[in-house]
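Encoded as structure tokens, the structure appears first; notes follow it.
None of these values were measured; they are calculated from a predicted model.
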Amino acid sequence: MRSEQGRPPLARTRDGVPPDPPEGPSEVYRAAWVFYLLVAIVGVVWLGFEADGLSWALFVPLDPARAALDVAIGLAAGLLLVGAWSLGRRLEPLARLERSLAERFVGVRSDEAVGLALLSGFSEELLFRGAMQMSWGPLAALAVFAVLHSGPPPLFPWWTLFALIAGGLFAALAAWRGALLAPMLAHATVNGIHLVRMVRVAEESAEAAGEDTAR
């Protein structure tokens, strides 16, 4: 059944009121997409020049069995880093750091966090472990990666330290496997789990602040 204008009628809730339209992407999500797309473009252009053209084998091994092994290794490495962070966040400095980082994701939805994790894992590994590591070597690429994940003391040096450990593992995976699939999956796994948790922390903080205001 269609309305007089030829459009289907709006879905209605049980009380007859049309549901609220879906919210658009958050500002953080839109800004992050622009940033990571630029990072990916720089990585692709740089890697294309450094490798004299892009090849599918730079990203995914051509052997299906080897590609499947890289998937397993990447996921396992990502979960290992998440487990290490989960143990570390029992310490008060890391717990406060996570709450501080979560403040940056107020208004971001969980599905947006997953999208950002996939995009950041792909674009950052393309730039740092692909183009930069191939051009400058793993130590220089790792140093730049750690510096870009830095912030003011006393909390953010912990984030830099974790980035240094994680980046070292990603660099080792890229060198060992000879392709970017494993480090990309490891990076996306870490970011996905952490970002979803930070979104949840931000939502809980906003709800708690709203309850305090109501009182």
Side-chain angles (χ1 to χ4, degrees), residues 3 5 7-15 17-47 59-60 71 74-75 78-79 81-82 85-86 89 96-131 144-145 148-152 155-156 159-160 162-163 166-167 170 180-181 183-214:
S3 62
Q5 289 77 18
R7 292 176 297 181
L10 294 174
R12 296 181 179 273
T13 57
R14 291 182 179 180
D15 57 4
V17 178
D20 294 333
E23 297 181 357
S26 64
E27 293 183 5
V28 173
Y29 185 69
R30 291 196 298 267
W33 260 93
V34 173
F35 172 76
Y36 283 121
L37 283 176
L38 290 176
V39 171
I41 291 171
V42 171
V44 166
V45 173
W46 188 349
L47 189 59
F59 301 92
V60 180
V71 170
L75 293 176
L79 292 175
L81 289 170
V82 170
W85 178 266
S86 297
R89 65 194 288 265
R96 286 193 291 127
L97 171 61
E98 188 168 279
R99 290 193 295 270
S100 177
L101 291 172
E103 294 175 358
R104 306 181 179 205
F105 294 93
V106 174
V108 178
R109 303 191 305 268
S110 295
D111 60 324
E112 293 178 337
V114 174
L116 289 179
L118 295 174
L119 182 60
S120 62
F122 170 79
S123 61
E124 289 190 30
E125 292 309 301
L126 182 63
L127 177 61
F128 292 106
R129 255 58 67 178
V144 175
F145 182 75
L148 293 179
H149 288 76
S150 61
L155 296 179
F156 280 84
W159 187 39
T160 306
F162 181 77
F170 300 153
L180 296 175
L181 178 60
M184 282 180 174
L185 283 176
H187 198 150
T189 299
V190 173
N191 284 4
I193 295 175
H194 283 176
L195 290 179
V196 169
R197 183 162 58 197
M198 288 179 189
V199 166
R200 190 177 301 117
V201 170
E203 291 173 348
E204 292 172 352
S205 298
E207 291 175 359
E211 292 176 356
D212 291 340
T213 303

TODO: Classify the ring geometry between His194 and Trp85 as parallel (under 30°), tilted (30 to 60°) or perpendicular (over 60°).
DONE: tilted

TODO: Quick one: sort the Phe156 and Trp159 rings into parallel, tilted or perpendicular, breaks at 30° and 60°.
DONE: perpendicular

Open item on the list: Taking the side chain as everything from C-beta on, heavy atoms only, tell me whether Glu112 gets closer than 4.5 Å to Leu195.
Closed with: no

What donor-acceptor contacts under 3.5 angstrom involve side-chain atoms of residues 30-45, with partners at least two apart or in another chain?
from	atom 1	to	atom 2	distance (Å)
Arg30	NH1	Pro25	O	2.6
Trp33	NE1	Tyr29	OH	2.8
Tyr36	OH	Glu124	OE2	3.3

Open item on the list: Is the shortest side-chain heavy-atom distance between Asn191 and Leu116 below 4.5 Å?
Closed with: no

Task: Heavy-atom check, side chain of Leu126 versus side chain of Phe59, under 4.5 Å - done: yes

Open item on the list: Within the structure provided, determine whether Leu79 and Ile193 are in side-chain contact (heavy-atom separation under 4.5 Å).
Closed with: yes

Task: Nearest heavy atoms of Ser86 and Arg197, plus distance in Å - done: OG-NH1, 3.6 Å

Open item on the list: Working to the nearest 0.5 angstrom, can you tell me the gap between Thr189 OG1 and Leu185 CG?
Closed with: 6.0 Å

Task: Residues which pass ring pair (Phe, Tyr, Trp, His ring centres under 6.0 Å) with Phe105, listed by chain and number, not counting sequence neighbours - done: none

Open item on the list: Nearest 0.5 angstrom please: Leu148 CG to Leu127 CG, how far?
Closed with: 8.5 Å

Task: Test item: Arg104 and Val28 side chains (from C-beta on) under 4.5 Å apart, heavy atoms - done: no

Task: Rounded distance (nearest 0.5 Å) linking atom CZ of Phe170 with atom CZ of Phe145 - done: 6.0 Å

Open item on the list: Minimum heavy-atom separation for Glu125 and Pro183, please, with both atom names.
Closed with: OE1-CB, 3.4 Å

Open item on the list: Using a 3.5 Å distance criterion without hydrogens, assess whether the side chain of Ser100 forms a donor-acceptor pair with backbone atoms of Arg96.
Closed with: no

Task: Minimal non-hydrogen separation, Ser26 against Gly107, with atom names - done: CB-O, 3.4 Å

TODO: Would you mind reporting whether Phe162 and Val190 have side-chain heavy atoms less than 4.5 Å apart?
DONE: yes

Task: Pairwise distance NE2(His187) to OG(Ser123) - rounded to 0.5 angstrom - done: 8.0 Å

